[in-house]
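Following: one structure in structure tokens, then a few remarks.
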Amino acid sequence: MEIIKRTPQMKALAARLREEGHRIGFVPTMGALHAGHMSLMQRARQMSDIVVVSIFINPIQFGPSEDLDRYPRDLAHDAEICMSRGVDYIFAPLIDEVYPENFSSYVIVEGLSDRLCGASREGHFRGVTTVVSKLFNVVKPHFAFFGRKDAQQSVIIKRMVADLCMDPEIVVCPIVRDEDGLALSSRNVYLSAEERQAATVLHRSLEKVQVLFGAGTREAAVLQAAMEELIATEPLVRIDYIEIVDTRDLEPVQAIEDGRPVLIAVAAFVGKTRLIDNVVLNGEI
Ligand code: PAF
């Protein structure tokens, strides 16, 4: 496995690999790798000849009051994880090459980026789509792998790729959970033991919704109220939003219709840590 830090080097390598007929699988990350990322690497390994993982903490997707400064950083540990999963290259670009002086081009997926997490994290998805576009141009992947935990991110990236005729096929992989049901996230390390226990209510609320759906409940308001009621039992948890939306346009639905894939997404602060989780009913993203 090789770690590449220079963008021109990664670009030239990707061009050569393509010319030689290799299928490039790409897992974009911000590091702090966990089993969720490993599952993406594993899927990439199955579908591609060459696996590239990028590690880049993208400053422009963090808001001014967010956790950019304390976001966990450990390249050596991340490299060990990548090596154990058979990754061929880590691309860990230099900040000055990603955002040189006078950088002024951004990619915005309008509409989709303002809803759900976008409503409370202004500019977040502009940062994501800009850096992912740039990484796609450098790594030139045939496939790019994203976790469904960041469901809105996956929907937005799929739309960006379709709208702008980008090459990669976007592969959305299942959420990986800890034994207690908590969705894996690099931000889970911020939680105290008490907060961690409380945070499992997000997963439990989604399970409750699935049980209600299985028993025939279709009204979004009823499902949402059931989630709110359960989450309210955990004083350490404060809901940012619960949304029940169509997976394609992220428009709210009043009732879940047969055959129409619907995303039920929750974001909440557990202490100071903002966590997200979701379930998709009637299909996938
Ligand atoms: O999901 C993430 O870790 C980030 O949003 C991504 C896709 C690597 C872009 O910085």
Side-chain angles (χ1 to χ4, degrees), residues 4 7 10 25-41 43-44 51-63 66-75 77-78 81-82 85 87 89-95 97-99 103 105-109 112-113 116-118 120-139 141 143-161 164 166 168-176 183-190 265 267 273-278 285:
I4 297 176
T7 297
M10 184 68 238
F26 177 43
V27 182
T29 81
M30 298 204 297
L33 302 178
H34 51 63
H37 298 110
M38 289 187 223
S39 74
L40 304 182
M41 294 175 205
R43 189 76 181 279
V51 177
V52 180
V53 171
S54 67
I55 298 181
F56 177 69
I57 300 178
N58 177 33
I60 69 164
Q61 71 184 74
F62 289 78
E66 294 183 358
D67 56 343
L68 175 61
D69 291 340
R70 66 177 186 138
Y71 200 84
R73 292 159 167 86
D74 190 346
L75 183 58
H77 184 245
D78 288 343
I81 290 179
C82 290
R85 296 294 131 171
V87 169
Y89 298 98
I90 291 178
F91 177 46
L94 306 173
I95 181 84
E97 287 184 357
V98 180
Y99 298 117
F103 181 89
S105 303
Y106 297 88
V107 178
I108 301 170
V109 178
L112 297 180
S113 299
L116 284 77
C117 288
S120 55
R121 301 187 72 191
E122 203 191 330
H124 169 67
F125 288 112
R126 179 182 90 140
V128 170
T129 41
T130 299
V131 82
V132 169
S133 308
K134 188 149 182 168
L135 290 167
F136 282 177
N137 284 335
V138 176
V139 177
F143 308 106
F145 300 84
F146 293 86
R148 204 200 69 217
K149 186 179 75 67
D150 297 300
Q152 184 178 11
Q153 172 171 278
S154 298
V155 170
I156 289 173
I157 286 170
K158 278 191 155 191
R159 176 70 69 83
M160 173 185 83
V161 164
L164 301 181
M166 291 178 167
E169 181 186 323
I170 303 303
V171 183
V172 181
C173 301
I175 298 177
V176 179
L184 294 191
S185 161
S186 304
R187 293 190 164 97
N188 290 351
V189 295
Y190 301 149
T273 306
R274 187 176 180 280
L275 298 178
I276 55 175
D277 202 347
N278 68 77
I285 284 175

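Every value quoted in this text rests on a predicted model; they were computed, and no experiment measured them. Remember, it's 1-based here, ligands and their atoms both numbered in the order they're listed.
- In this view, Phe62 and Tyr71 satisfy the ring-ring contact (aromatic ring centres under 6.0 Å, His included) rule, not counting sequence neighbours.
- A cation-pi contact, defined as under 6.0 Å to the ring centre and within 45° of the axis, is absent between Arg43 and Phe145.
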Dump the pairs for me: ligand 1 N or O, protein N or O, distance under 3.5 Å, to 0.1 Å.
| unit_1 | atom_1 | unit_2 | atom_2 | d |
| --- | --- | --- | --- | --- |
| ligand 1 | 1 (O) | Gln153 | NE2 | 2.9 |
| ligand 1 | 5 (O) | Gln61 | NE2 | 3.0 |
| ligand 1 | 5 (O) | Gln153 | OE1 | 2.7 |
| ligand 1 | 10 (O) | Gln61 | OE1 | 2.6 |

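- In this structure, Tyr106 and Phe103 have perpendicular ring planes: the angle between them is above 60°, well past the 30° mark.
- Panel note: side chain Glu97, backbone Thr7; a donor-acceptor pair is recorded below 3.5 Å.
- Ser54 places no side-chain N or O within 3.5 Å of a backbone atom of Phe91 that could act as its donor or acceptor partner.
- Counting heavy atoms from C-beta on, the side chains of Ile157 and Val128 come closer than 4.5 Å.
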